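Chain A is the first sequence line, chain B the second, and so forth, proteins listed ahead of strands; every chain is numbered from 1. Worth saying up front: this structure is predicted, and the values here are computed from it rather than measured.
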2 protein chains.
Amino acid sequence: MLPVDTTQLLKGVLDLAVLAALRDEDGYGYDILRRLRTAGLGEVGDASVYGTLRRLFNAGLLTTYVVPSVEGPHRKYYSLNAAGRDELQRSGKIWHGFASTMDDLLRERETA
Amino acid sequence: MLPVDTTQLLKGVLDLAVLAALRDEDGYGYDILRRLRTAGLGEVGDASVYGTLRRLFNAGLLTTYVVPSVEGPHRKYYSLNAAGRDELQRSGKIWHGFASTMDDLLRERETA
DNA sequence: GGACACTACTTCGCATCGCGCACTACTGTG
DNA sequence: CACAGTAGTGCGCGATGCGAAGTAGTGTCC
């Protein structure tokens, strides 16, 4: 598909979305996936979330701990650390700036 | 760079930005590049714009005509056609929906 | 007049990233 | 025992933006 589809829009924003999903509460991959879908990101794939968590962890923004579950497989919880919270704020600002720039572009008339 | 950078944010949105830049006035690649940068998309690369124009044209959203310039090389102008305007509207809505979802996520407290 | 800079466009190959698919593994149910 | 639901991993693909290089036309400066 050539025009705008959500898949492409997610690029670069999934990081931010996952950080945001972890802001108030630790979570494990499958759960974060549900949070994002509930929030409105319906088309997000499971592999994308796991991959993103991996990347954020490797970037030093998350800590992780495994909780063996009595009901079902083990759960790998992720938690925002200080760097993660910093990054969440920083990225959030970048996002807002970018979004408002785009809104201006879309709303632009020949004021210039 | 692992965290959010504008390059990744642009993914999928450049199409929309270029369509928007052409909404009020025809333009050629180099000029569109300037419009986008002026609008606030400072980091957009020239090759990206040309590539995007090519893609949008191949998708049937643009028409094009070459204007030989007296001062400098020829200019390949692009113009939105009906399909392009439709797509601009459609993509704009998708963008707004997506952006507001992200804003909710970022503003979310444990209201849920 | 030749080096340089600016405009304008094209092509090439690279890196990132989200995704679909397949696979493992554990639990509970029909 | 097969199957569905939960939970995680790995692999390869496709789309896309980007940097760098190249071509070409014009004007400027030494």
Taking the minimum atom-to-atom distance to the side chain of A:Thr7, which one of C:dA25, C:dG18, D:dA24 wins?
C:dG18
Hey, are the side chains of A:Leu53 and A:Tyr28 touching, using non-hydrogen atoms and a 4.5 Å cut-off?
no
Taken to the nearest 0.5 Å, the spacing of A:His96 NE2 from A:Leu16 CG works out to 8.5 Å
What distance do B:Thr6 atom OG1 and B:Lys11 atom NZ have between them, rounded to the nearest 0.5 Å?
13.0 Å
A:Leu14 CG to D:dT16 P, straight-line distance once rounded to whole Å:
17 Å
Length of the CG-P vector between B:Leu9 and D:dC18, whole Å
11 Å
Grab the CZ-C1' distance between A:Arg55 and C:dT16 for me, whole Å please.
8 Å
Closer than 4.0 Å, any side-chain N/O of B:Arg34 to the OP1 or OP2 of C:dA8?
yes
Quick one: are B:Thr52 and B:Arg55 in side-chain contact, heavy atoms under 4.5 Å?
yes
Note: for A:Gly45 and A:His74 on DNA chain C, the residue whose nearest nucleotide lies more 5' is A:Gly45
Could you state the OH-P distance from B:Tyr28 to C:dT10, rounded to the nearest angstrom?
14 Å
Closer than 4.0 Å, any side-chain N/O of B:Lys76 to the OP1 or OP2 of C:dT10?
yes
For residues 46-54 of chain B, which residues have at least one heavy atom under 4.0 Å from DNA chain C?
B:Ala47, B:Tyr50, B:Arg54
How about A:Leu61 and A:Leu80: do any of their side-chain heavy atoms sit closer than 4.5 Å?
no
Measure CZ/B:Arg75 against C1'/D:dG25 and give the value in whole Å, please.
12 Å
Look at the rings of B:Tyr77 and B:Tyr65 and say which category their plane angle falls in: under 30° parallel, 30 to 60° tilted, over 60° perpendicular.
parallel
Which whole-number value in Å describes the distance from B:Lys11 NZ to D:dG17 C1'?
5 Å
Rounded to the Å, how far apart are B:Arg35 CZ and C:dT7 P?
16 Å
I need the A:Leu9 CG to A:Glu43 CD distance, nearest 0.5 Å.
9.5 Å
Separation of D:dG14 atom C1' from A:Gln8 atom CD, nearest Å, is 9 Å
